[in-house]
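Take a look at the structure set out below.
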Amino acid sequence: MQVRTRPLIAPLVAAPLIAAGLLSGATPAWAASGRIDKDTVAITVTPDGTLQVKETVTYEGAAPARTLIRRKHLDDRQDRRYDVGDLKGGTLKNEGDHVVLRVSGSGGAGRRTAQLSYAVKGAMTTSRTGEQLNWVAAGGWHVPVAQTRVTVDSSAVVQNLNCFAGDLASTIGCTQFFTNHTHTQADFRQEDLQPGEYVTVMVGYPPGTAKGNPIIEQRHTVATAFTVNGLTGGTLLGLLALLLGGVGLLYVTRGRDARIVNKKAAEGDHAPLDSTGFAPPDGVRPGQIGTLIDEQADVVDVTATIIDLAVRGYILIEELPRETYGRIDWQLRRLRRPADDLLPYERLLYDALFDGRDVVALSELGGTFADQLAAVRKALYEDVVRQGWFARRPDSERTRWTTIGMILAGLGVVGTIALAVYSNLALIGLAVIIAGAALAVGGQYMPAKTTRGATVLAHTLGFRAHLFRGEVPDAPAGHRVALFSHYLPYAVVFDVVQRWAQTVADVGAGNSGPSDNLYWYEGPAEWDLSNFAESIRSFTLATSGAISASRQFRSLA
């Protein structure tokens, strides 16, 4: 039999102090809440690694309670859990990393004995060299304990043993520990445990003694919340497949447009003329071109439409005299011409510009035309669908996918926070955020042209190449000004207005000597066509600014 003991210094010192307290009439601190005279804990290690515990507690005063370890931190991410259950003779209450065991029964004067039984799982540890029991077997009482004894029985021979007394991190050995003559029972003794002090026992066994393993839990932290596991990894792979599928779909759609453009662009790369005169490819008008190319009904498309209405004889643009140090301004004059040839968006723009008037200054539109501009742009989107170039309105398609993406990303943010707080599946929420963001960004590329739309786009880009080269086709002298004036609205959309404005000015000046006006653009008294290129450039910029400006201030009533 192995026996190890340590000198009982604490009881020898404490006895005179207690006696002195009694003689002087003082009451020991523990007397107010009772004490435990003897705590005997008998542990049996079962083959499955469960500890079957029978505990006998002899106490005075109120029914005592003790705190058992429920969870121990191993590192930054892992906890070891001990499950205490099947309690008889008391009650259990979980409190965070601990569980409080309270003895059943009432308090009062005299000595009482309580019988407890319970089971503990997770206290055995298996290694290559054997198995070890490591458990806070006794102590943790809320009152002092005079004598503590712990016995551990198993069917295997004890290979080594140890015990510690004090706080949970104590390295001070307990009073006495040994084995019986068969070395199958470990016996631990401790004198005078103070409230909150424990007896931790350690018993080593040969391999195969018990099948129990420690219960390891991943601690829930910000780092573990984003753990990659089967579920989160599968979600991320699914998201990747979805994104690749979306990219592939866009590639096929955009690739089809590119193939058609490469094949058919040359069909539009020529002077826009036929037997009737000016004839742009597929009859496309300037506002339609801008919307077709970039799938946006921009302000410049509306500005080009205003110039086109003037060139076609619906509006006369009059440049007003510039006062000294004053800014340049223009007025638009309605011409009496049947509007049968106007498309719906052109008719809407024409009516909105004049609004019952025959003449309006461009400066008067500043800050007042924004609502009408929105209606014109909407009509432009509807027009490209009516032409069969898009299956659905490009702006609605973008808005729909972008809105879905933003909502999905918002749900992903909320979901990520919730999953990070309550689980280790926060990567799923992050995947939803990425999917939503991808939809919001990819929504800008969702509007898809039809085959007809891609063909018209190809012809339009061919026409743009012709304009960029600046080739001036042959035309009868009397029709040259009108012909090249028709080029101008398209040049505005393609951002080559300066070159073609100069061409119009040169042709106008060369037809019949110096001239001070065009049939659709008139300048002030001192103005002539040599100023036209700069004037039309300024008009384009001023018009875009005037029709898009919002009213910044309102008058106070």
Side-chain angles (χ1 to χ4, degrees), residues 10 28-44 50-74 79-105 107 112-124 133-152 162-177 186-203 214-215:
W30 49 262
S33 56
R35 63 171 289 169
I36 294 176
D37 294 321
K38 190 173 182 180
D39 181 20
T40 302
V41 181
I43 299 175
T44 301
T50 302
L51 308 184
Q52 296 293 340
V53 183
K54 293 184 178 180
E55 187 167 2
T56 303
V57 184
T58 303
Y59 65 94
E60 298 178 15
R66 64 179 291 201
T67 299
L68 298 173
I69 303 303
R70 180 168 174 260
R71 183 179 289 105
K72 181 186 294 184
H73 297 321
L74 296 180
D79 292 337
R80 180 170 183 174
R81 196 184 78 227
Y82 302 91
D83 290 342
V84 180
D86 298 330
L87 174 66
K88 296 179 181 178
T91 60
L92 287 174
K93 182 180 179 182
N94 291 333
E95 294 185 357
D97 292 342
H98 304 84
V99 59
V100 176
L101 185 157
R102 185 173 295 278
V103 174
S104 300
R112 289 176 172 77
T113 299
Q115 298 288 338
L116 302 170
S117 66
Y118 51 91
V120 180
K121 295 182 179 180
M124 297 295 295
L133 164 65
N134 188 334
W135 173 236
V136 183
W141 292 100
H142 301 174
V143 295
V145 183
Q147 293 182 353
T148 301
R149 182 185 179 189
V150 178
T151 60
V152 181
N162 206 343
C163 76
F164 303 96
D167 59 36
L168 290 174
S170 174
T171 57
I172 300 175
C174 59
T175 304
Q176 191 178 38
F177 56 93
D187 199 331
F188 306 90
R189 311 286 177 91
Q190 178 62 36
E191 304 290 336
D192 291 319
L193 276 180
Q194 297 303 307
E197 292 185 339
Y198 293 86
V199 175
T200 302
V201 302
M202 301 174 66
V203 185
I215 303 172

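One-based numbering along the sequence shown.
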Applying salt bridge (charged side-chain N to carboxylate O under 4.0 Å, His left out), can you list everything that pairs with [X], at least two apart in sequence or on another chain?
| X | answer |
| --- | --- |
| Asp83 | Arg81 |
| Arg149 | Asp187 |
| Asp97 | Arg71 |

Between [X] and [Y], what is the shortest heavy-atom contact and its length?
| X | Y | result |
| --- | --- | --- |
| Val201 | Ala137 | CG2-CB, 3.9 Å |
| Gly34 | Pro144 | O-CD, 4.1 Å |
| Gly139 | Leu193 | CA-CD1, 3.9 Å |
| Ser104 | Gly90 | OG-CA, 3.1 Å |
| Phe188 | Cys163 | CD2-CB, 3.5 Å |
| Glu191 | Gln147 | OE1-CG, 3.5 Å |

Any side-chain heavy-atom pair of [X] and [Y] under 4.5 Å:
| X | Y | value |
| --- | --- | --- |
| Val199 | Val136 | no |
| Leu51 | Leu133 | yes |
| Val57 | Thr113 | no |
| Ile69 | Leu168 | yes |
| Val145 | Asp192 | no |
| Glu60 | Asp37 | yes |

Quiz item: What distance separates Arg102 CZ from Leu116 CG, expressed to the nearest 0.5 Å?
Solution: 12.5 Å

Quiz prompt | Pairwise distance CG(Asn134) to OG1(Thr200) - rounded to 0.5 angstrom | solution = 7.0 Å

Practice problem: Please identify each residue that fulfils side-chain hydrogen bond (donor to acceptor under 3.5 Å, both in side chains) with Glu55, with sequence neighbours left out. | Solution: Arg66, Tyr118

Exercise. Go through the structure and list residues passing side-chain hydrogen bond (donor to acceptor under 3.5 Å, both in side chains) with Thr56, not counting sequence neighbours.
Key: Gln115

Self-check item: Pair Thr58-Ile36, side-chain contact (heavy atoms from CB on, under 4.5 Å): steps then yes or no
Solution: CA-CA 6 Å; Thr58 303; Ile36 294 176; 5.8 Å; no

Quiz prompt | Gly122 backbone acceptor or donor facing Arg80 side chain under 3.5 Å | solution = yes

Self-check item: Pairs involving residues 135-144, ordered by first then second residue, that meet side chain to side chain donor-acceptor pair (under 3.5 Å) (sequence neighbours left out)
Solution: Asp39-Trp141, Thr67-His142

Could you pull out all residues at least two apart from [X] that satisfy side chain to side chain contact (heavy atoms under 4.5 Å, CB included)?
| X | result |
| --- | --- |
| Ser170 | Asp167, Ile172 |
| Leu92 | Val84, Leu87, Val99, Leu101 |
| Ala114 | Tyr59, Val103 |
| Phe164 | Asn162, Met202 |

Practice problem: Give a yes or no on whether a salt bridge exists between Asp86 and Lys88, defined as a side-chain N under 4.0 angstrom from a carboxylate O. | Solution: no

Self-check item: Gln190-Thr175 side chain donor-acceptor pair, cut-off 3.5 Å
Solution: yes

